[in-house]
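Numbers restart at 1 for each chain; the letters A, B, ... are given by sequence-line order, proteins then strands. Just so we're clear, the structure is a prediction, and the values are computed from it rather than from any experiment.
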Amino acid sequence: MEQKLFVYNTLTRKKEEFIPLDAPHVGMYVCGPTVYSDVHLGNCRTFISFDLIFRYLLHLGYKVRYVRNITDAGHLEGDADEGEDKVSKKARLSQLEPMEIVQKYTVDFHEVMKTFNALPPSIEPTATGHIIEQIELVKAILEKGYAYEVDGSVYFDVEKYNETQDYGILNGRKLEDMLNNTRALGGQNEKHGKLDFALWIKAKPEHLMKWPSPWGVGFPGWHLECSAMSNKYLGHKFDIHGGGMDLMATHHTNEIAQNVASCGNSPANYWLHTNMLTVNGQKMSKSLGNSFLPAQLFEGNHELLKKGYSPMAVRFFFMQASYRSTVDFSNEALDAAEKFYKTLAEAAKKLNTLQQNTLVAVEDEAESAIIAACEDCYNGMNDNFNSPKTLEALNNLSKWINSFANATRNSGVVSAETFELMKKTYNDFFYDVLGLKQDDNESGDTAGLLGLIVNLRNQAKANKDYATSDKIREGLKQIGFQLNDNKQGTTDWIKI
RNA sequence: GGUCGGAUGGCCGAGUGGCUAGGCAGAGGUCUGCAAAACCUCCUACAGCGGUUCGAAUCCGCUUCCGACCUCCA
């Protein structure tokens with residue numbers, strides 16, 4: 001099936017057909033987390049969104065090199081370029097080595113992403129591992145005349161850059177507007193222009209993370225690492241650059257400026273931005289203090305949470321909105337997502353044991369409805385990764401699957417090809433593209449014990465000893481297993 | 001204040017000139033020893049006011065409200 005994928009490009013503010021520079025290869029860079037504290041749910045949403053994008057590109061047959069950095073240095077606290085490095089600050093407060101902080105939160109981040117069934121990126125480079133590349137990049141920008149040094153620090157000259165280039169190309173703003181509307185920040189005395197930003201920052205003696213450079217001992221500016229590392233691993237020009245919308249106006253704008261200034265071209269053809277997760281209508285953010293940790297959500301351990309939700313229910317919750325919309329957190333919305341997820345997950349289970357009946361006369365209506373739903377799975381994702389549309393198509397397929405499984409419809413009314421198409425499409429999208437999995441996979445022991453108990457109950461039931469059979473069913477429900485007697489006279493269980 | 005983006009039924013959330021979103025909740029039904037699950041049916045909304053049009057949730061204008069960015073953030 002030849003698919004035409006359209007993506008919304010922030011650069012042009014339109015949906016455009018996705019055409020890789022060098023198909024079947026695709027280069028994708030996504031700005032990763034700063035590892036100075038626990039990753040919160042809002043961060044997770046962004047990386048889950050890009051996981052969906054990564055997975056769909058892979059599904060379409062592209063060979064994707066997905067680079068997502070770890071920011072472990074150079075990210076300043078507070079205003080302007082005079083604050084303290086976030087990692088250093090945390091290290092000082094916790095009396096730990098900076099790299100101890102980095103290690104702890106990097107490991108935590110990886111564990112959380114694994115829990116959400118996100119695929120690891122192809123390369124996950126760190127800022128501290130690429131200091132040399134960053135210094136080289138600063139040199140290149142200085143040589144081209146777009147930066148200047150002041151007392152051991154190097155700044156990017158935005159106004160000079162804008163003489164020949166469009167600095168506001170990504171955020172759609174004019175330089176004059178930006179100049180007029182930038183608040184006066186402290187520490188501007190070294191800069192020539194209000195919008196200039198640091199490429200290299202002179203380290204104060206007490207600063208913990210610092211490196212020698214041609215301009216003295218210091219550390220790199222935050223925007224620099226992404227330019228340096230995308231250049232190194234994806235080249236000067238690649239296909240997709242992504243990140244959260246909050247990075248667009250400043251971080252990505254500066255990144256483009258650095259790339260253009262150093263090598264003459266903008267790094268990526270398509271810029272994709274994911275929207276924010278909100279809580280009671282406000283952005284979830286570390287600085288606002290309204291963020292939960294994934295673990296709190298799984299356990300229901302937060303004042304805003306009525307109960308816990310499984311990682312797959314949460315992933316599904318995110319998939320129910322498109323990545324460019326804000327998602328507002330609420331118990332009701334999570335409850336709805338959890339139920340919908342379970343419905344689709346149960347259908348996926350049934351599908352794997354479903355055998356088609358002997359063919360009877362093919363019913364055109366069933367045939368075309370199933371084929372259309374399979375196409376709609378693709379149509380949804382092809383339309384800028386519109387996962388809600390794809391979920392709708394999967395939901396349509398699940399109704400057919402359930403009808404066939406319950407024998408309320410004869411599965412012999414569709415051709416063998418269509419039956420196989422349904423199976424393949426459902427499995428491909430549920431597991432591989434949306435990245436969902438069954439979250440009630442019990443160990444062999446539990447499954448064995450349940451099987452034994454279910455047999456005992458069914459014996460009691462066969463003897464019309466309903467008191468005993470209902471007692472067993474109720475007892476299992478109390479400890480979290482729902483028994484469902486199905487039409488074939490066997491009994492399924494699901495974890496609730 | 002500036003720039004940008006939103007406002008869809010009880011809740012979540014697609015859609016972007018005429019045609020059904022979908023889910024959850026709610027109501028009724030089929031099935032079942034009873035449940036549960038599943039399936040079927042019902043519940044038909046687009047912030048407000050103007051305008052364009054044969055026709056607008058969809059385009060244009062204004063108003064109101066909300067959010068993001070402009071300052072570290074995914």
(request) Return the value, rounded to whole Å, for the distance between atom CE of A:Met319 and atom P of B:C12. (result) 21 Å
(request) Quickly work out the A:Met178 CE to B:U71 P distance and round it to whole Å. (result) 11 Å
(request) With a 3.5 angstrom cut-off on both distances, give the Watson-Crick or G-U wobble partner of B:U44, or none if there isn't one. (result) none
(request) Look at all strands and tell whether A:Tyr466 reaches a base, only sugar-phosphate, or nothing, counting heavy atoms closer than 4.0 Å. (result) base
(request) Examine distances only and state if a side-chain atom of A:Asp72 and a backbone atom of A:Val102 form a donor-acceptor pair shorter than 3.5 Å. (result) no
(request) Give the nucleotide from the list B:G33, B:A14, B:C39 with an atom nearest to the side chain of A:Lys399. (result) B:C39
(request) Assign A:Thr250 to base, sugar-phosphate, or nothing according to its heavy-atom contacts below 4.0 angstrom with the strands shown. (result) sugar-phosphate
(request) Could you check whether A:Asp470 gets within reach of a base, just the sugar-phosphate, or nothing at all, counting any heavy atom under 4.0 Å? (result) base
(request) Look at all strands and tell whether A:His273 reaches a base, only sugar-phosphate, or nothing, counting heavy atoms closer than 4.0 Å. (result) nothing
(message) B:A38, OP1 or OP2 - any side-chain N/O from A:Asn406 closer than 4.0 Å?
(response) no
(message) If I pick the P atom on B:C19 and the same atom on B:A57, what distance separates them, to the nearest angstrom?
(response) 9 Å
(request) Can you figure out which of B:C69, B:C34, B:G13 approaches the side chain of A:Pro388 most closely? (result) B:G13
(request) Take A:Glu392 and A:Glu332, find for each the nucleotide of RNA chain B with the closest heavy atom, and name the residue whose nucleotide sits nearer the 5' end. (result) A:Glu332
(message) Once you apply a heavy-atom cut-off of 4.0 Å, does A:Ser330 come out as touching a base, just sugar-phosphate, or nothing?
(response) nothing
(request) Decide yes or no, distance alone: a donor-acceptor N/O pair under 3.5 angstrom between the base of B:C66 and the side-chain of A:Asp328. (result) no
(message) So A:Leu293 and A:Val112, do their side chains get closer than 4.5 Å, heavy atoms only?
(response) no
(message) Heavy-atom count check: over 12 atoms from other residues, nucleotides or ligands less than 6.0 Å from A:Lys306 NZ?
(response) yes
(message) Are A:Tyr309 and A:Phe317, when compared by the centres of their aromatic rings, separated by less than 6.0 Å?
(response) no
(message) Counting C-beta onward and ignoring hydrogens, is there a side-chain heavy-atom pair between A:Ile256 and A:Gln165 closer than 4.5 Å?
(response) no
(request) Report yes if the distance between the aromatic ring centroids of A:Phe54 and A:Phe385 is under 6.0 Å, otherwise no. (result) no
(message) Over all strands shown, is A:Asn386 touching base, sugar-phosphate only, or nothing at heavy-atom distances under 4.0 angstrom?
(response) sugar-phosphate
(request) May I ask which nucleotide in the shown strands pairs with B:A14, Watson-Crick or G-U wobble, both distances under 3.5 Å? (result) none
(message) Taking donor-acceptor contacts at under 3.5 Å, does the side chain of A:Arg13 reach the base of B:C4?
(response) no
(request) Only one of A:Asn275, A:Thr274, A:Asn384 passes side chain to side chain donor-acceptor pair (under 3.5 Å) with A:Tyr323; say which it is. (result) A:Asn384
(request) Counting Watson-Crick and G-U wobble pairs only, both distances under 3.5 Å, name the nucleotide matched with B:A21, or none. (result) none
(message) To the nearest 0.5 Å, what is the distance between OG1 on A:Thr71 and CE on A:Met229?
(response) 6.5 Å
(message) Applying a 4.0 Å non-hydrogen cut-off, can you work out what A:Leu483 is touching in the nucleic acid: base, sugar-phosphate, or nothing?
(response) base
(request) Could you check whether A:Thr343 gets within reach of a base, just the sugar-phosphate, or nothing at all, counting any heavy atom under 4.0 Å? (result) sugar-phosphate
(request) Would you indicate, yes or no, if B:C40 has its OP1 or OP2 atom less than 4.0 angstrom from a side-chain nitrogen or oxygen of A:Thr408? (result) no
(message) Under 4.0 Å, counting only non-hydrogen atoms across every strand here, what does A:Arg324 touch: a base, just sugar-phosphate, or nothing?
(response) nothing
(message) Please determine whether any donor N or O and acceptor N or O are separated by less than 3.5 Å between the side chain of A:Arg45 and the base of B:A74.
(response) no
(message) Side-chain N or O of A:Ser322 versus OP1/OP2 of B:A14: is the shortest distance under 4.0 Å?
(response) yes
All N/O contacts under 3.5 Å from nucleotides 29-31 of chain B to the protein, with atom names and distances to one decimal?
none

(request) Report which part of the nucleic acid A:Asn395 touches: base, sugar-phosphate, or nothing (heavy-atom distance under 4.0 Å, all strands). (result) sugar-phosphate
(message) Looking at B:G5, which nucleotide sits across from it as a Watson-Crick or G-U wobble partner, both distances under 3.5 angstrom, or is there none?
(response) B:C66
(request) Report yes if a side-chain nitrogen or oxygen of A:Thr390 is closer than 4.0 Å to either non-bridging phosphate oxygen (OP1 or OP2) of B:A14; otherwise report no. (result) no
(request) Write down the distance between CD1 (A:Ile472) and P (B:G33), rounded to a whole number of angstrom. (result) 18 Å
(request) Kindly point out which of B:A74, B:A36, B:A14 is positioned nearest to the side chain of A:Asn484? (result) B:A36
(message) Both A:Gln282 and A:Val327 contact RNA chain B. Taking the nearest nucleotide for each, which residue is further toward the 5' end?
(response) A:Val327
(request) Can you establish whether the number of heavy atoms outside A:Glu17 located under 6.0 Å from its atom CD is more than 12? (result) yes
(request) Could you tell me whether A:Met276 contacts a base, only the sugar-phosphate backbone, or nothing, with contacts defined as non-hydrogen atoms closer than 4.0 Å? (result) base
(request) Take A:His273 and A:Leu170, measure what side chain to side chain contact (heavy atoms under 4.5 Å, CB included) needs, and give me the verdict at the end. (result) CA-CA 11 Å; A:His273 289 98; A:Leu170 192 63; 4.2 Å; yes
(message) At 4.0 Å (heavy atoms only), tell me whether A:Leu277 reaches a base, stays on the sugar-phosphate, or touches nothing.
(response) base
(request) Using a 4.0 Å heavy-atom cut-off across all strands, classify A:Met248 as base, sugar-phosphate, or nothing. (result) nothing
(message) Is A:Lys339 close enough to B:A25 that one of its side-chain N or O atoms is under 4.0 Å from OP1 or OP2 there?
(response) yes
(message) Counting only Watson-Crick pairs (N1-N3 plus N6-O4 or O6-N4) and G-U wobbles (N1-O2, O6-N3), all under 3.5 Å, who is the partner of B:G50?
(response) B:C60
(request) Name the closest nucleotide to the A:Ala333 side chain, picking from B:C12, B:A74, B:C70. (result) B:C12
(request) With heavy atoms under 4.0 Å as the rule, sort A:Gly243 into base, sugar-phosphate or nothing. (result) sugar-phosphate
(request) Would you please indicate if the ring centroids of A:Phe292 and A:Phe329 are separated by under 6.0 Å? (result) yes
(request) Report the distance from atom CG of A:Asp246 to atom P of B:A74, rounded to the nearest whole Å. (result) 7 Å
